Structure formats: C-alpha cells, structure tokens
There are 2 protein chains.
Amino acid sequence: MNQLFDRLQNELKKKNINLSYQRLKVLEYLTQNQCHPTVEQIYTDLEKEISTLSKTTVYNTLKKMVSEGLVRIITIEDNETRYDINTHDHGHFKCEICKNIFDFDINMDLVLTKGLERFKILDRNVYFKGICPGCLSNSK
Amino acid sequence: MNQLFDRLQNELKKKNINLSYQRLKVLEYLTQNQCHPTVEQIYTDLEKEISTLSKTTVYNTLKKMVSEGLVRIITIEDNETRYDINTHDHGHFKCEICKNIFDFDINMDLVLTKGLERFKILDRNVYFKGICPGCLSNSK
DNA sequence: ATCTATCGTGTAATAATTACAAAGTTGTAA
DNA sequence: TTACAACTTTGTAATTATTACACGATAGAT
Ligand SMILES: [Mn+2]
Ligand SMILES: [Mn+2]
Ligand SMILES: [Zn+2]
Ligand SMILES: [Zn+2]
C-alpha cells in the first residue's frame, strides 16, 4: 500500500485500467504469496480482510490481469488453475508428495526444438513433476 | 481390431487389466486421432458407433490408462483436459488462432535447469503457444 | 453351474467457472 | 457542484467438467 501501489498504479495507468481496492488487494496477495495460489485460496484469505469481497471479483480481476500480462496462469494439474505474478520465463516443479510448487530457472532459448521453425512462439511453459528434496529426505 | 488389439491386449495383460470393447474403442480412437481430443470429443464420436456408451466409461477408461502409463494428460488450457496416446517425451504447441495442437520433438535432457539438482524428476512437460504456419500465412 | 472380481452404465452430487443484471464508483466535462 | 458515461463490484443463477455411487452385466476361475 505504497511502493507496490505506486508501481502497480503506474503500470496500470498506461493500460487505462484503474487500480481499485479489490484489484490492489488481489495483486498484493499474489506478490506476498508467490506459491501460485488458486482462486479459492486467494478468495478465502482475502475475504477475512474484505468481508464484502465477491469471488467473482477475484475471477474478474485475475482474468483482466492475465489478459494485460501482469499475471500468468499456471496449469499443472488439470483440475486446478493457479496464478503467478512472476511473469518472467521460468519453470515450475510440482512435488507429488507435499504438492508444493517450486520455481526454477530455465533458459528457454536453449530449449532445442525440432519442427517449430515456421511457428511464431508467443508463450513458453515448462513444468516438471516429481519429489522435492524435503519429501525425498523424509521418505528415507 | 487386430494388430492394435493384439498389441494393447499384450500390454494390458502384463498389468492384469482386461481389454473390454469400450476400452479398446477408446484406445483405438486415441490412436487414430492423435489431435489430443477431450473427453467430450471422444465420447461424442464414439457414441455414434456405440450407442450405449456412457461418458463415465470414457472417464474411467482414461483415468485407468493414464494411471497405467498408456495415455498421457495434456493440460494447456486450464479449462480443457486433453489426452494423448503418445507417451514419449515431446512438446506441444497450441495455435491461438485455429486452436490446433501440434507435437514437436524436444530433447528434455538438454533442457538446462538451475536449482533442481536435488529434486527427483518423474515427469517433464513443455508446451508453447503462438501461431501456426498455416494461420500465419492466412493472416497476410 | 457357481462364484467372485471386475467393468459399464445412469443418475445424482460436487466443484469450478461464467453469464448476467443490478447497484455502486470514478472521472470528467459543463 | 452537478450530470453523465464508463467502469467495477457484487450476488445469483446457469453452465460445464468431473466424480461418487449403486446396481446390473460380464468374464474368468473352480
Ligand atoms: Mn512461478
Ligand atoms: Mn502429443
Ligand atoms: Zn515435497
Ligand atoms: Zn493455426
């Protein structure tokens, strides 16, 4: 509600979108919870603070921010849509035990692909699944 | 209903799963339609031939085949689960104009990742979005 | 033929997402 | 300040995808 606000305000003003209280709160939540939350998580947590918040508003806000490129959708499981405020190219790793999702660096330019020479690539996604170090050591 | 049947029959026998008519038909469909169909597509098409087919059976069959590793789930959009009988490592490209999904070769071992040294990777997924050559030339 | 485990089907229940309309806000021009 | 248009939020209803469940059908083993 200061630096973040100003930064978002700025970025949105350029796109002629105004930063309402609800929108700010959703974006603030995503900034503070970079665990790739679902709509449900965002809504449930924010609703404690903003008792009048509607889940539809969360959907609306996220849809708008995704279409404006401020937020990215992460679909790893087919039954849960997650959101990431970090829109830089990076990979995701989902631990099948603890279900946590980890970020990792990846150089997409080095991803060698055959057969895509004539395609125009606009968006790249990489995700892995497996077991995280924590769960690996627990299982020993 | 011969070579395919025998091959699937074999593969499933090892896992103690029997190849019912419905299961055969779903697998046959996936083999002949490697366009990564949704449950809806599979059901709608097969239902013409097998009028008693239940959508639940399609779900059941796919779930079983996925858990046995004969079929792979492709989640590119958050609102549509697609299925692929090609379980070899390969990437997917979804054209945002015609919505078609294309396969492409990718050498996952060459995907350089930083920060995953201590993770056990069990499954790798790569998908891109953009515009396919056909739609690119149409738009000129 | 009988038994048992597995399979397929239909219906009902859940859950996620979207559509829509009403009410509230904001910015701005007169 | 007022007036107005554009944009937002909210709540409810509708849609859609998926799962749960129970019961009848089937296939293989004895
Ligand atoms: Mn991330
Ligand atoms: Mn494929
Ligand atoms: Zn873990
Ligand atoms: Zn296309």
Side-chain angles (χ1 to χ4, degrees), chain A residues 5 8-29 36-68 70-71 73-83 99, chain B residues 5 8-29 36-68 70-71 73-83 99:
Chain A
F5 178 83
L8 292 172
Q9 182 76 280
N10 255 346
E11 198 153 357
L12 290 174
K13 189 143 277 172
K14 278 184 267 170
K15 299 169 192 277
N16 262 318
I17 298 169
N18 84 329
L19 184 55
S20 68
Y21 180 64
Q22 289 85 345
R23 287 174 177 176
L24 169 65
K25 282 305 194 175
V26 168
L27 289 168
E28 187 182 77
Y29 185 89
H36 317 90
T38 61
V39 165
E40 190 61 33
Q41 289 173 301
I42 299 168
Y43 171 72
T44 305
D45 285 349
L46 286 183
E47 192 262 342
K48 291 168 192 160
E49 265 189 89
I50 314 165
S51 61
T52 61
L53 183 66
S54 163
K55 197 183 277 188
T56 303
T57 298
V58 179
Y59 275 107
N60 288 343
T61 300
L62 290 170
K63 175 170 284 191
K64 177 126 242 170
M65 296 307 149
V66 167
S67 76
E68 297 297 341
L70 273 85
V71 169
I73 290 182
I74 306 295
T75 40
I76 296 185
E77 302 299 335
D78 49 308
N79 56 346
E80 50 174 37
T81 306
R82 294 172 171 277
Y83 296 85
K99 314 297 182 194
Chain B
F5 179 83
L8 291 172
Q9 182 75 282
N10 254 348
E11 198 154 356
L12 291 173
K13 190 143 278 173
K14 280 185 266 169
K15 299 170 191 276
N16 262 318
I17 299 168
N18 84 330
L19 183 55
S20 68
Y21 179 65
Q22 289 84 345
R23 286 175 177 177
L24 170 65
K25 281 305 193 176
V26 169
L27 290 167
E28 188 182 74
Y29 185 89
H36 319 88
T38 62
V39 165
E40 191 60 34
Q41 290 173 301
I42 298 168
Y43 171 72
T44 304
D45 286 348
L46 286 183
E47 192 260 343
K48 293 168 192 161
E49 265 190 89
I50 313 165
S51 62
T52 61
L53 183 67
S54 163
K55 197 183 277 189
T56 304
T57 299
V58 178
Y59 275 108
N60 287 342
T61 299
L62 290 170
K63 175 170 282 189
K64 177 126 242 170
M65 297 306 150
V66 167
S67 77
E68 297 298 341
L70 272 85
V71 169
I73 290 181
I74 307 295
T75 40
I76 295 185
E77 301 300 334
D78 49 308
N79 56 348
E80 49 175 37
T81 307
R82 293 172 170 277
Y83 296 86
K99 314 297 183 195

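Just so it is clear: chains get the letters A, B, ... in the order the sequence lines come, proteins before strands, and each one is counted from 1. Given the structure is predicted, the values throughout are model-derived calculations rather than measurements.
- B/I17 is listed as a side-chain neighbour of B/R23, based on a closest heavy-atom distance under 4.5 Å.
- Considering only side-chain N and O atoms, B/S54 lies nowhere under 4.0 angstrom from the phosphate OP1 or OP2 of C/dG8.
- For the pair A/L12 CG and D/dC7 C1', the interatomic distance rounds to 14 Å; values are reported in whole Å.
- When rounded to the nearest whole Å, the span between NZ of A/K13 and C1' of D/dC7 equals 14 Å.
- The pair A/E40-A/K55 counts as a salt bridge, with a side-chain nitrogen and a carboxylate oxygen less than 4.0 angstrom apart.
- Note: OH (A/Y43) to P (D/dT9) measures 15 Å, nearest angstrom.
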Protein heavy-atom contacts under 4.0 Å, written 5' to 3' over nucleotides 15-24 of chain D as B (base), S (sugar-phosphate only) or - (none), form the string --SBBB----
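- A salt bridge between B/R82 and B/E77 is absent, with no side-chain N of the basic residue lying under 4.0 Å from a carboxylate O of the acidic one.
- Of all heavy-atom pairs spanning B/P37 and B/Y29, the tightest one is CG-CE2, 3.9 Å.
- A/Q41 approaches A/T38 most closely through the heavy-atom pair OE1-N, 2.8 Å.
- Spacing between atom CG of A/L19 and atom C1' of D/dT8 amounts to 12 Å, rounded to whole angstrom units.
- Note: CE (A/M65) to P (D/dC7) measures 14 Å, nearest angstrom.
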A/L27/A/L19 under side chain to side chain contact (heavy atoms under 4.5 Å, CB included): CA gap, chis, key distance, verdict: CA-CA 10 Å; A/L27 289 168; A/L19 184 55; 4.2 Å; yes
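- Under the 4.5 Å side-chain criterion, counting only non-hydrogen atoms from C-beta, B/L46 is in contact with B/V26.
- Atom CD of B/E47 is separated from atom P of C/dG8 by 17 Å (rounded to the nearest Å).
- As a whole-Å value, the separation of B/I42 CD1 from C/dG8 C1' is 17 Å.
- For A/L46 and D/dT10, the CG to P distance is 11 Å, given to the nearest whole Å.
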For nucleotides 4-7 of chain C, give me every protein contact, N/O to N/O, under 3.5 Å, one pair per line with atom names.
from, atom 1, to, atom 2, distance (Å)
C/dC7, OP1, B/N18, OD1, 3.2
C/dC7, OP1, B/R23, NH1, 2.7

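- Among residue pairs with one or both ends in residues 10-19 of chain B, none qualify as side-chain hydrogen bond (donor to acceptor under 3.5 Å, both in side chains); sequence neighbours excluded.
- With A/D78 as reference, B/T75 is the one residue of B/T75, B/I76, B/D78 to meet the side-chain contact (heavy atoms from CB on, under 4.5 Å) rule.
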